[in-house]
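Okay, structure first, notes after.
Numbers restart at 1 for each chain; the letters A, B, ... are given by sequence-line order, proteins then strands.
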There are 2 protein chains.
Amino acid sequence: MNGRFAISMHILTLLAKANGEWLTSEFIAGSININPVLVRKEISNLRNRGLVVSREGKNGGSALAKPASQIQVSDVFLATRQGPFLGSSRNTPNPACPVGRQINKHLDNLYQEAEVALIQKLGDSTLDEFSRRFD
Amino acid sequence: MNGRFAISMHILTLLAKANGEWLTSEFIAGSININPVLVRKEISNLRNRGLVVSREGKNGGSALAKPASQIQVSDVFLATRQGPFLGSSRNTPNPACPVGRQINKHLDNLYQEAEVALIQKLGDSTLDEFSRRFD
DNA sequence: AATATTGTAATAAAATTTGTTACAGTTTTG
DNA sequence: CAAAACTGTAACAAATTTTATTACAATATT
């Protein structure tokens with residue numbers, strides 16, 4: 001995972017504990033201690049994924065699109081992962097070498113297997129469970 | 001995983017298929033298509049992990065420190081991972097906020113659980129198996 | 001002694017991530 | 001309707017991380 005996963009989990013945890021209140025990006029940014037624009041960018045992504053809803057204008061803000069018990073941690077992982085998860089092979093190995101020619105294909109297979117296992121694991125827990133861990 | 005995992009897997013696959021030959025960093029770099037110094041750095045790391053042995057001087061190079069069947073993919077993962085695997089929380093959230101104060105602790109727990117699942121999965125396969133996938 | 005090679009430090013370049021500024025568009029409220 | 005409080009997003013800047021390069025000392029072989 002990357003920093004975006006942490007930011008998204010933080011946002012979603014705040015929303016889960018907000019009890020129907022619409023939180024502003026500025027308030028959320030104050031808790032995470034980052035710039036409100038970054039929060040809005042992440043929320044935009046979560047909204048596209050159907051996890052969050054927002055409203056513009058005065059008294060605007062964001063809220064969960066569905067109960068926290070229906071949001072799995074794996075949903076957040078999938079929403080924030082970029083590309084093939086495990087750093088992907090951005091090498092362009094030598095095609096004249098038998099290993100170089102095939103390594104990316106085999107690594108991609110490996111990554112995918114690993115990712116499936118990880119998603120399964122993260123699918124076990126929900127945002128509701130996660131947010132209840134806080135005092 | 002990161003680019004270093006891919007590089008290390010590439011190096012180890014070449015060594016596994018080298019049949020006792022000592023491969024030079026230049027040869028390996030040619031297959032991966034990166035700078036030989038990077039190869040030597042990665043090999044240095046793998047050597048510290050007990051996966052590879054090297055010898056200096058003319059006709060020097062590197063070889064596996066043990067049979068490929070005794071090297072698990074999870075060993076490579078552990079050798080190349082940097083820090084808390086999933087991008088770690090380098091945010092410094094607001095300690096005045098109940099969520100901000102505890103989020104890193106709970107995320108770390110989550111990361112660790114996920115990492116255990118991943119390592120278990122990667123522990124299922126060995127370098128030997130991986131290298132046999134190549135034609 | 002000449003050659004081939006590793007080991008490693010120092011530095012530079014490139015890529016990625018994170019942060020900032022700016023401002024148009026949308027609601028609410030007086 | 002105008003002011004205020006927001007979101008949405010683009011464009012740009014700064015910081016960080018990753019990857020590459022240069023340089024050279026140390027080690028073996030021939």
| query | Are any of the side-chain heavy atoms of Val53(B) and Trp22(B) separated by less than 4.5 Å? | reply | yes
| task | Could you tell me the separation between the CD1 atom of Ile32(B) and the C1' atom of dT19(D), rounded to a whole number of Å? | result | 13 Å
| Which pair of non-hydrogen atoms, one from Thr80(B) and one from Glu42(B), has the smallest distance, and what is that distance? | CG2-OE1, 4.2 Å
| query | Taking the side chain as C-beta and beyond, is there a heavy-atom pair between Leu78(A) and Arg49(A) under 4.5 Å? | reply | yes
| message | In terms of relative ring orientation, are Phe5(A) and Tyr111(B) parallel, tilted or perpendicular, with 30° and 60° separating the classes? | response | tilted
| request: Send over the distance from Leu38(A) CG to dA13(D) P, rounded to a whole Å. | output: 17 Å
| message | With a 4.5 Å cut-off on side-chain heavy atoms, are Phe130(B) and Ile103(A) touching? | response | yes
| task | Using a cut-off of strictly less than 4.0 Å between a heavy atom of the residue and any atom of DNA chain C, enumerate the qualifying residues of residues 8-30 of chain B by number. | result | Thr24(B), Ser25(B)
| How many Å lie between CD1 on Ile34(B) and P on dA20(D), as a whole number? | 6 Å
| said: Is Arg4(A) close enough to dT18(C) that one of its side-chain N or O atoms is under 4.0 Å from OP1 or OP2 there? | reply: no
| Rounded to the nearest Å, what distance is computed from the NZ atom of residue Lys41(B) to the P atom of nucleotide dA20(D)? | 10 Å
| query | Judged by atom type as modelled, is there a donor-acceptor pair below 3.5 Å linking the side chain of Asn45(B) to the main-chain atoms of Ala79(B)? | reply | yes
| task | Figure out the CG/C1' separation between Asn48(B) and dG7(C), and round it to whole Å. | result | 11 Å
| request: Determine the contact category for Ile43(B): base if any of its heavy atoms lies under 4.0 Å from a base atom, sugar-phosphate if only primed atoms, P, OP1 or OP2 are that close, otherwise nothing. | output: nothing
| said: Any side-chain N or O of Asn59(A) below 4.0 angstrom from OP1/OP2 of dT29(C)? | reply: yes
| remark: Heavy-atom nearest nucleotide on DNA chain D taken for Val37(A) and for Gly60(A); more 5' hit belongs to Gly60(A)
| Quick one: which of dT7(D), dT20(C), dG7(C) gets closest to the side chain of Arg40(A)? | dT7(D)
| note | When rounded to whole Å, the CZ to P distance for the pair Arg55(B) and dA28(D) reads 11 Å
| OP1 or OP2 of dT19(D) less than 4.0 angstrom from a side-chain nitrogen or oxygen of Asn35(B), does that happen here? | no
| side-chain N/O Arg47(A) vs dT7(D) OP1/OP2, d < 4.0 Å | no
| remark: Between NZ of Lys58(A) and P of dG30(C) the distance, given in whole Å, is 7 Å
| So do the side chains of Thr126(A) and Gln70(A) get within less than 4.5 Å of each other, counting heavy atoms only? | no
| said: Distance check needed: dT8(C) C1' versus Asn45(B) CG, whole Å only. | reply: 14 Å
| task | Among dT20(C), dT8(C), dT26(C), find the nucleotide with the atom closest to the side chain of Ser44(B). | result | dT8(C)
